[in-house]
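All remarks here apply to the structure that follows.
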Number of protein chains: 2
Amino acid sequence: MPMATHAGERKTGRTPLSRERVLRAAMALADEHDIEAVSMRKLAQELGVDPMSLYNHVTNKEDLLGGMVDLVVDEIDLMPVDDGDWKGALRAQVLAARQTMLRHPWARGVLEARTDSSPTIMRYFDAVAGIFRSGGVSIDLMHHALHTIGSRVLGFNQELFDDSNTFDQGPEVIALMAHQMAAEYPNLSEMMLQISHDETTVVGSGCDDTFEFEFALDLLLDGIERLHHAAS
Amino acid sequence: MPMATHAGERKTGRTPLSRERVLRAAMALADEHDIEAVSMRKLAQELGVDPMSLYNHVTNKEDLLGGMVDLVVDEIDLMPVDDGDWKGALRAQVLAARQTMLRHPWARGVLEARTDSSPTIMRYFDAVAGIFRSGGVSIDLMHHALHTIGSRVLGFNQELFDDSNTFDQGPEVIALMAHQMAAEYPNLSEMMLQISHDETTVVGSGCDDTFEFEFALDLLLDGIERLHHAAS
DNA sequence: ACCTGAACACCGTTCAAGT
DNA sequence: ACCTGAACACCGTTCAAGT
């Protein structure tokens, strides 16, 4: 005797669609195959559903991307406010954001393309602002500081100058490349040569990125702290 | 008696296609209607040509975008190296880049999406590196500095925290918004309130962006200079 | 209320054919 | 050598129809 098919358990017994389920699936797809793999059609296929069914839970693709990014930002651990050390708390907060973004590299491009920010993102920025305020940083300085730190507040290493691939090579390969470039790009080739010889700097590109990120972050925080002290 | 139709002057008398002409047309299209208006098909239509004809002068869309961006970077004025004031020269160079990028706002997204950098871009970075070297900045510090300045070297104001739209509103509108947000985003609403009252800060969003850009740039340059002096 | 399929208006690009 | 048109494999989304 066949069981009665009641709502929520159609002939396939598959869990019904929901915004949550759609967004989670999209996030998994992006994590695994990068953002260009996330099309409405492929996502639907992944969920075993007609492409048009997605539109019952997401108004359009922009909404989908926004929801995905909110999921990521919600994943960032919020650091406790430490009245005695706003700089340390802020540093920890930004590094926490970076950890999350490293797990979801596609989020950067989506966030930068977004035009209006969601409540989730506002909440994160409000938390960061709270850290500044806990240290008595003036609103005006905090405002400029937020602009200055830029997308690094969310843990992005905003580099156009990405030489991490270069330094994946062995020193002798780099030396060869550097000599070939010497005529046209004398300064860059000089830089490549020296850095490839300096073993303490080159410890694998993953570590390098972390070093450069913290170097930049500390330079920014030190500068902001200096202005804060000068003002008080 | 009909004129003979010779090469270069087909029945329409239109100038023949060339890489240069394709790239210039694409740039004009992007300048006027933003980057999403630049499709192979629309570009071909703009040129009065079959879409497939473009592929004789451009290997694919990626090549097209790369060529467009090279055109932009080539537009940046290169500042003379000033041995006595590397910081001032660098500042001037970055602000020159910013002027160019303001004329071609679409270039930022294309540049950030690019994976490998062209000779044109390498030449620009080499010029920037030359400015550092002219001031005797060590290669190691210069390397970190380039990573720290990040995409700002090319004049981008890398802001996720874009409140320029907000401050386009009148003070009373902002005050209303701030009060509505107060419960959920106490720190941000406090910031909005104060900034909207401070008339010297809000002089139109265009000017604001310039101020924030220079504020961030100077903070970075001052930090780098401090490290440079500490090392020597 | 939720899901579906056909259809529309777009993409970039391959390939064989024209001149 | 350069250009063309038809065709292919994709997009996001509207709309009318199903349950």
Side-chain angles (χ1 to χ4, degrees), chain A residues 2-26 29-30 33-69 106 109-110 113-115, chain B residues 2-26 29-30 33-69 106 109-110 113-115:
Chain A
M3 298 183 72
T5 64
H6 41 63
E9 188 202 356
R10 302 294 294 257
K11 37 189 173 312
T12 61
R14 202 164 16 248
T15 49
L17 234 43
S18 70
R19 180 164 232 264
E20 174 80 10
R21 223 162 80 77
V22 169
L23 294 181
R24 291 278 166 208
L29 208 52
H33 298 108
D34 212 347
I35 195 68
E36 87 273 356
V38 181
S39 72
M40 299 301 273
R41 294 164 119 106
K42 284 192 200 141
L43 179 55
Q45 194 178 352
E46 199 78 9
L47 286 160
V49 119
D50 186 278
M52 288 311 107
S53 302
L54 301 176
Y55 286 85
N56 290 306
H57 305 93
V58 131
T59 70
N60 50 28
K61 181 141 192 201
E62 195 189 335
D63 182 37
L64 174 77
L65 293 173
M68 292 168 67
V69 140
W106 49 269
V110 179
R114 282 196 76 60
T115 156
Chain B
M3 298 182 73
T5 65
H6 42 66
E9 190 203 353
R10 302 294 295 258
K11 38 188 173 311
T12 60
R14 203 162 17 248
T15 49
L17 234 43
S18 71
R19 180 164 231 265
E20 174 80 9
R21 224 163 79 78
V22 168
L23 295 181
R24 290 280 165 206
L29 208 52
H33 298 108
D34 212 347
I35 194 68
E36 87 271 357
V38 180
S39 72
M40 299 301 274
R41 294 165 119 106
K42 283 190 201 143
L43 178 55
Q45 194 179 352
E46 200 77 10
L47 286 160
V49 121
D50 186 278
M52 288 312 105
S53 301
L54 300 176
Y55 286 85
N56 290 307
H57 305 94
V58 129
T59 70
N60 52 27
K61 179 139 191 200
E62 195 189 334
D63 183 35
L64 175 76
L65 292 173
M68 291 168 66
V69 141
W106 50 268
V110 178
R114 282 196 77 60
T115 158

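Only heavy atoms go into these numbers, but all of them, side chains included; no hydrogens, no water, no symmetry mates. Lettering follows sequence order; numbering is per chain, from 1.
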Heavy atoms, side chains only, cut-off 4.5 Å: are [X] and [Y] in contact?
X     : Y     : value
A:V38 : A:M68 : yes
A:H57 : A:L23 : no
B:L64 : B:L54 : no
A:N60 : A:M40 : no
A:L65 : A:I35 : yes
B:L47 : B:V22 : yes

Tell me, which of residues 50-59 of chain B have any heavy atom that sits under 4.0 Å from an atom in DNA chain C?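 Hits under 4.0 Å, by residue number: B:M52, B:Y55.
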Test side-chain contact (heavy atoms from CB on, under 4.5 Å) applied to B:R24 - qualifying residues, sequence neighbours left out: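 In terms of side-chain contact (heavy atoms from CB on, under 4.5 Å), with neighbours along the sequence ignored, B:R24 is linked to B:E20, B:M27, B:L71.
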Could you state the [atom1]-[atom2] distance from [X] to [N], rounded to the nearest angstrom?
X     : N      : atom1 : atom2 : result
B:E36 : D:dC11 : CD    : C1'   : 15 Å
A:R41 : C:dC11 : CZ    : C1'   : 11 Å
B:Q45 : D:dT4  : CD    : P     : 14 Å
A:D63 : D:dT13 : CG    : C1'   : 14 Å
B:N60 : C:dG12 : CG    : P     : 11 Å
A:L17 : C:dA1  : CG    : P     : 17 Å
B:M40 : D:dT4  : CE    : C1'   : 15 Å
A:I35 : D:dC11 : CD1   : P     : 13 Å

A:E36 backbone acceptor or donor facing A:D34 side chain under 3.5 Å: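 Not at all, since once roles are kept as given, no pair shorter than 3.5 Å links the two residues.
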A:K61 side-chain proximity, nearest of D:dT4, D:dA7, D:dG12: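 For the A:K61 side chain, the nearest candidate turns out to be D:dG12.
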Is the shortest side-chain N/O distance from B:K42 to OP1 or OP2 of C:dC11 below 4.0 Å?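 Yes.
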Under 4.0 Å between a Lys/Arg side-chain N and an Asp/Glu carboxylate O for A:R19 and A:D63?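 So A:R19 pairs with A:D63 through a salt bridge.
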Wobble G-U and Watson-Crick pairs count when both distances are under 3.5 Å; given that, what is the 5' to 3' dot-bracket string of DNA chain D, with | for pairing to other strands? ||.|||||...|||||.||
